[in-house]
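Structure, as structure tokens:
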Amino acid sequence: IEQITVSRSKNPKRLSYYLSRLENKVEAYNDDNRRVYGEFKWSGSNKKVEESDYYYFTFTPYSSKYKVVKDKIYIELVD
């Protein structure tokens with residue numbers, strides 16, 4: 001998984017603000033190398049991103065054939 005890089009702000013944004021960036025960075029594939037689509041949710045979406053760190057998320061596939069995945073992604077704040 002790649003990282004998400006965002007500009008540091010005097011008014012830190014909540015994780016929920018970065019949901020579309022998460023959806024664009026993380027992709028899931030099955031054993032046949034076909035993309036699996038689903039819903040992403042941050043763990044603690046109201047948490048403010050005030051420092052570069054790992055942040056946890058859950059991916060719930062639309063198909064019940066696949067398991068729910070919990071993982072983390074690094075968000076880097078740059079000046």
Side-chain angles (χ1 to χ4, degrees):
I1 294 178
E2 297 183 37
Q3 71 181 28
I4 297 172
T5 303
V6 298
S7 297
R8 188 177 305 275
S9 170
K10 291 183 180 180
N11 299 314
K13 305 279 192 271
R14 297 185 189 284
L15 276 173
S16 57
Y17 180 82
Y18 300 112
L19 184 60
S20 64
R21 294 222 186 160
L22 176 66
E23 293 168 339
N24 290 331
K25 286 286 186 182
V26 179
E27 296 178 349
Y29 292 89
N30 66 14
D31 291 339
D32 297 326
N33 208 30
R34 293 180 187 218
R35 188 158 179 199
V36 175
Y37 293 92
E39 180 179 5
F40 289 91
K41 287 187 181 178
W42 289 110
S43 299
S45 62
N46 286 327
K47 182 177 184 173
K48 289 189 176 183
V49 179
E50 299 180 294
E51 59 185 64
S52 296
D53 202 351
Y54 284 95
Y55 294 89
Y56 291 87
F57 66 89
T58 301
F59 174 71
T60 305
Y62 293 140
S63 172
S64 60
K65 290 178 14 178
Y66 306 106
K67 294 180 180 180
V68 171
V69 176
K70 294 184 180 191
D71 207 342
K72 62 186 175 185
I73 191 168
Y74 191 76
I75 297 180
E76 180 181 24
L77 298 177
V78 294
D79 295 321

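The two atoms that bring P61 and Y66 nearest to each other are CG-CB, 3.7 Å, heavy atoms only. Across all non-hydrogen atoms, the minimal contact from K47 to Y55 is CE-CE2, 4.1 Å. Nearest approach of V6 to L77, heavy atoms of both residues: CG2-CD2, 3.1 Å.
Using a 4.5 Å heavy-atom cutoff, the side chains of F59 and V26 are not in contact. Inter-residue side-chain proximity for T58 and V68 is flagged as met; some heavy-atom pair is nearer than 4.5 Å. Residues W42 and R14 form no side-chain contact, since every pair of their non-hydrogen atoms from C-beta on lies 4.5 Å or further apart. For the pair I73 and K25, the minimum side-chain heavy-atom distance is below 4.5 Å. Inter-residue side-chain proximity for K13 and V49 is flagged as unmet; no heavy-atom pair is nearer than 4.5 Å. The shortest side-chain heavy-atom distance between I4 and N24 does not fall under the 4.5 Å cut-off.
Y29 OH: more than 12 foreign heavy atoms inside a 6.0 Å radius. The 12-atom threshold is exceeded at CZ of R35, counting heavy atoms of other residues, nucleotides or ligands nearer than 6.0 Å.
Side-chain contact, E76 with Y74: no donor N or O sits under 3.5 Å from an acceptor N or O.
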Original post:
Can you list the steps and then say if Y17 with L19 is a side-chain contact (heavy atoms from CB on, under 4.5 Å)?
Top reply: CA-CA 6 Å; Y17 180 82; L19 184 60; over 6 Å; no

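For the atom pair K67 NZ and T60 OG1, the distance stands at 14.0 Å (nearest 0.5 Å). L15 contributes atom CG, which lies 12.5 Å from atom CZ of R21 (distance to the nearest 0.5 angstrom). Note: K70 NZ to S43 OG = 6.5 Å, rounded to the nearest 0.5 Å. Atom CD of residue Q3 and atom OG of residue S52 lie 8.0 Å apart, to the nearest 0.5 angstrom. Note that OG of S16 and NZ of K41 are 13.0 Å apart. Values are rounded to the nearest 0.5 Å.
Listed by chain and residue number, E23 satisfy the side-chain contact (heavy atoms from CB on, under 4.5 Å) test with S20 (two or more places apart in sequence, or in another chain). For Y18, there are no ring-ring contact (aromatic ring centres under 6.0 Å, His included) partners at least two apart in sequence or on another chain.
Ring centroid separation for the pair Y62 and Y37 does not come in under the 6.0 Å cut-off.
Between the side chain of N30 and the backbone N or O of D32 there is at least one donor-acceptor pair closer than 3.5 Å.
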